[in-house]
There are 2 protein chains.
Amino acid sequence: MTVTEAARRAQILAHTIDVVAELGYAGASLNRIAAHAGISKGLISYHFAGKADLLEALVHDVFARGGEYVMERHGHVFGPDGTAGAALRAYLEGNLAFIAEHPRDVGAVVEIARNHRGADGALVFGAAWEETLLDLLAQIFTAGQEAGEFRAFDPRVMAIAVRRVIDGFTFQVMADPDLDTRSFTTEVTALFDHATRHPGAERLETDTTTAQETEPS
Amino acid sequence: MTVTEAARRAQILAHTIDVVAELGYAGASLNRIAAHAGISKGLISYHFAGKADLLEALVHDVFARGGEYVMERHGHVFGPDGTAGAALRAYLEGNLAFIAEHPRDVGAVVEIARNHRGADGALVFGAAWEETLLDLLAQIFTAGQEAGEFRAFDPRVMAIAVRRVIDGFTFQVMADPDLDTRSFTTEVTALFDHATRHPGAERLETDTTTAQETEPS
DNA sequence: TATGGTTTTGACCATGCGGTCAAATTCTTG
DNA sequence: CAAGAATTTGACCGCATGGTCAAAACCATA
C-alpha cells in the first residue's frame with residue numbers, strides 16, 4: 001500500500017460518507033461520489049474492487065474508529081471492577097459522544113447497514129452484525145441483574161431498546177445540527193437508569209428519591 | 001372509481017407491500033412488482049400516476065389502517081379521564097399489536113419512510129411526518145407530568161425513544177416471525193413505565209386495556 | 001350483435017447505473 | 001534523461017430502471 005494509495009482511499013471514503021449522508025444510500029452512485037470528489041469514476045474502481053467493497057470498507061472504517069473512541073474514553077469501566085450501571089452509562093455516553101462528533105460518518109454507516117444487500121438479496125450488515133452489538137449490552141444487563149443492581153427484565157429487549165435509541169440519535173443530530181447533545185445524553189442516561197434499576201433504589205447522581213418499594217416479581 | 005379499479009389498486013398495493021418487505025426499498029422496481037402481481041408494468045402506471053404516487057398511497061393506506069386499529073382498540077383511554085400511564089401503555093400495546101399482526105405492511109411503510117425522497121432530494125416522510133407522531137406522545141408525557149404522575153424528563157426525548165423502540169420492533173418481528181410478541185410487549189411497557197414514573201411510585205399491576213382480548217392460538 | 005367506454009398489454013424510449021479498458025499521464029528511480 | 005511502474009482519465013458496454021403509448025382485449029348495454 002503506497003502512500004498515494006492510502007491517501008486516495010481515505011479521500012474517496014470521506015467523500016462517500018458525504019454523499020451517502022446527504023443523498024442517502026440510493027442516491028450514492030459512483031458517478032456522484034466521483035464528481036463530489038473531483039475525480040473520475042474509474043479511479044474508484046482502481047482503488048476499490050467495486051461498489052460493495054467501497055461501502056463495506058467505509059462501514060468497517062467508521063465502526064473501528066467508533067469502537068476505539070468508546071474504548072479509549074470509557075474502556076476502564078467495562079472491567080469486572082466497575083458496576084453495571086457505570087458500564088451502561090459509559091456505553092451510552094461514549095456512543096452518543098462519538099455520534100455527536102461524527103454525525104455524518106455514523107449516519108452513512110446506518111444508512112448503508114439498513115440498505116446494503118448482497119447478491120443473495122440479504123442485508124450484508126444484518127442479523128449477525130446486530131447480534132454482536134446486542135450481546136455486549138446484554139452482558140452488561142445480565143451482570144447488573146446478577147449483582148442485584150438491576151431489576152428483573154429481559155436483557156435482550158433492553159439491549160434492543162438501547163441500540164434503537166442510539167441509532168435514532170444519529171438521525172436527530174443529522175436533522176438538527178444545533179441539537180443540544182449534552183442535554184439529550186443526560187436525558188437518555190436518566191431514562192435507562194430508571195428503566196434498569198430497582199424502583200426506589202438510589203440513583204446515580206442528582207436524584208432525590210424517598211420511598212423504598214419492594215420489587216414486584 | 002369503479003369496482004374494478006378499486007380492486008386492482010388494492011391488489012397492486014398488496015403486492016407492493018410484499019415486494020418492499022422482501023427486497024427492500026431499492027429492490028422494489030415496477031417490473032418486479034408487476035411480475036409479483038402477475039400483471040404488466042403498464043397497468044401500474046394506468047392505476048397510479050407514478051412510482052412516487054404508488055409508494056405514497058401505500059404509506060397513507062397502512063398508516064390509516066394502523067391509526068384506526070389503535071383508536072378502535074384503545075381510543076377510550078386517550079380522553080381527559082384516563083391517566084397518562086394508561087394512555088402510554090395503550091399507545092405501546094396498540095402500536096405493537098398492529099405491527100405484530102401486520103409486520104410486512106408496517107415494514108414496508110418504515111422502509112419507504114426511511115428511503116423515499118422527492119425531486120428535491122429531501123425525504124418525503126421526513127421531519128414534518130415524524131413531528132406529528134412525536135407530538136402525540138409528548139402530549140401524553142406533558143399531561144402525566146402536570147398531573148404529578150410522571151417524573152421530570154424531557155417529553156420530546158422520551159417520545160423519540162418510544163418511537164424508535166416501536167420502529168425497532170417492526171424489524172425484530174420481520175426478522176423472526178416466531179418472536180414472542182406478548183412477552184416483548186410486556187417488557188417494553190414495563191421499560192417505559194419505569195422510565196416515566198417517579199422512582200418508588202406504585203407500578204401498574206393489572207392490564208387495563210386488554211381484558212376483553214381474545215388470543216387465537 | 002354492434003357500440004363505446006374501460007382495462008390491459010407489450011414494445012419502445014431516454015436515462016443512469018456499475019463496471020471495464022486502452023490510452024494518457026504522472027511518478028519513481030537508475 | 002530514460003524507462004518502467006503506478007496512477008488517472010474518459011469513452012464505452014450491457015443492463016435495469018421509470019415512464020409512454022398505440023393497439024388489443026374486455027365488458028356492459030342498447
Side-chain angles (χ1 to χ4, degrees), chain A residues 1-20 22-59 108 111-112 115-121 123-124, chain B residues 1-20 22-59 108 111-112 115-121 123-124:
Chain A
M1 172 94 63
T2 70
V3 55
T4 305
E5 185 177 359
R8 193 59 96 184
R9 279 180 66 101
Q11 180 207 9
I12 293 172
L13 285 176
H15 283 280
T16 305
I17 286 172
D18 277 348
V19 174
V20 173
E22 272 171 31
L23 305 176
Y25 176 83
S29 69
L30 292 185
N31 263 315
R32 272 204 265 253
I33 294 168
H36 194 273
I39 60 177
S40 75
K41 183 180 59 171
L43 190 51
I44 299 179
S45 295
Y46 178 75
H47 287 284
F48 294 91
K51 196 185 184 185
D53 181 42
L54 169 64
L55 296 179
E56 287 154 25
L58 151 25
V59 168
E111 192 78 13
I112 294 167
N115 289 286
H116 181 49
R117 289 165 189 260
D120 57 351
L123 289 172
V124 174
Chain B
M1 173 95 64
T2 69
V3 55
T4 306
E5 187 177 358
R8 194 59 96 184
R9 279 180 65 102
Q11 180 207 9
I12 292 173
L13 285 177
H15 283 280
T16 304
I17 286 172
D18 278 348
V19 174
V20 173
E22 272 170 33
L23 305 176
Y25 177 83
S29 69
L30 292 185
N31 262 317
R32 270 204 267 254
I33 294 168
H36 194 274
I39 59 178
S40 76
K41 182 180 58 168
L43 191 51
I44 299 179
S45 294
Y46 178 76
H47 288 285
F48 294 91
K51 196 185 184 185
D53 182 41
L54 169 64
L55 296 180
E56 287 155 26
L58 151 25
V59 169
E111 191 79 13
I112 293 167
N115 289 286
H116 180 49
R117 290 166 188 257
D120 58 351
L123 289 171
V124 174

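Values below: every heavy atom of this structure, side chains too, minus hydrogens, waters and symmetry copies.
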Self-check item: Within-4.5 Å side-chain heavy-atom neighbours: A:L13 and A:F48
Solution: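 The answer is yes, as the side chains (C-beta and beyond) meet within the 4.5 Å cut-off.
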Quiz item: Can you check whether A:R8 reaches A:I39 side chain to side chain, under 4.5 Å on heavy atoms?
Solution: yes
Quiz item: Any sub-3.5 Å donor-acceptor pair from A:E111's side-chain atoms to A:Y25's backbone N or O?
Solution: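 A pair under 3.5 Å: yes.
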Practice problem: Please list, in 5' to 3' order, the outermost nucleotides of DNA chain D lying under 4.0 Å from any heavy atom of chain B. | Solution: D:dT17 to D:dT20
Quiz item: Hey, is the side chain of A:T4 poking within less than 4.0 Å of OP1 or OP2 on C:dC27, counting only N and O atoms?
Solution: no
If I take atom [atom1] in residue [X] and atom [atom2] in nucleotide [N], what distance separates them, rounded to the nearest angstrom?
X     : N      : atom1 : atom2 : value
A:E5  : C:dT28 : CD    : C1'   : 16 Å
B:Y46 : C:dT9  : OH    : C1'   : 13 Å
A:F48 : C:dG19 : CZ    : P     : 13 Å
B:R9  : C:dT7  : CZ    : C1'   : 15 Å
A:I39 : C:dT26 : CD1   : C1'   : 16 Å
B:R8  : C:dT6  : CZ    : C1'   : 12 Å
B:L30 : C:dC13 : CG    : P     : 19 Å
A:K51 : C:dT20 : NZ    : P     : 15 Å

Quiz item: Want to settle it: does A:R32 or A:S45 sit nearer the 5' end of DNA chain C, counting the closest nucleotide to each?
Solution: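 That would be A:R32.
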Quiz prompt | Reported CG-to-CD distance for the pair B:L43 and B:Q11, which is rounded to 0.5 angstrom | solution =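 Spacing of CG (B:L43) from CD (B:Q11) equals 8.0 Å.
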Practice problem: Pick base, sugar-phosphate or nothing for A:S29, based on heavy-atom distances below 4.0 Å to the nucleic acid. | Solution: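 The answer is sugar-phosphate, as A:S29 gets under 4.0 Å only of primed atoms, P, OP1 or OP2.
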Quiz item: Checking all strands, does B:L43 fall into the base, sugar-phosphate, or nothing category for heavy-atom contacts under 4.0 angstrom?
Solution: base
Quiz item: Who passes side-chain contact (heavy atoms from CB on, under 4.5 Å) against A:V124, sequence neighbours left out?
Solution: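 Counting only residues at least two positions away or on another chain, A:V124 forms a side-chain contact (heavy atoms from CB on, under 4.5 Å) with A:E56, A:H116.
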Self-check item: Name of the residue among B:L54, B:T16, B:V19 meeting side chain to side chain contact (heavy atoms under 4.5 Å, CB included) with B:L30
Solution: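 The single option meeting the side chain to side chain contact (heavy atoms under 4.5 Å, CB included) with B:L30 is B:L54.
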Practice problem: With sequence neighbours left out, write down each residue that passes salt bridge (charged side-chain N to carboxylate O under 4.0 Å, His left out) with B:E5, or none if nothing qualifies. | Solution: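 Salt bridge (charged side-chain N to carboxylate O under 4.0 Å, His left out) list for B:E5, sorted by chain: empty.
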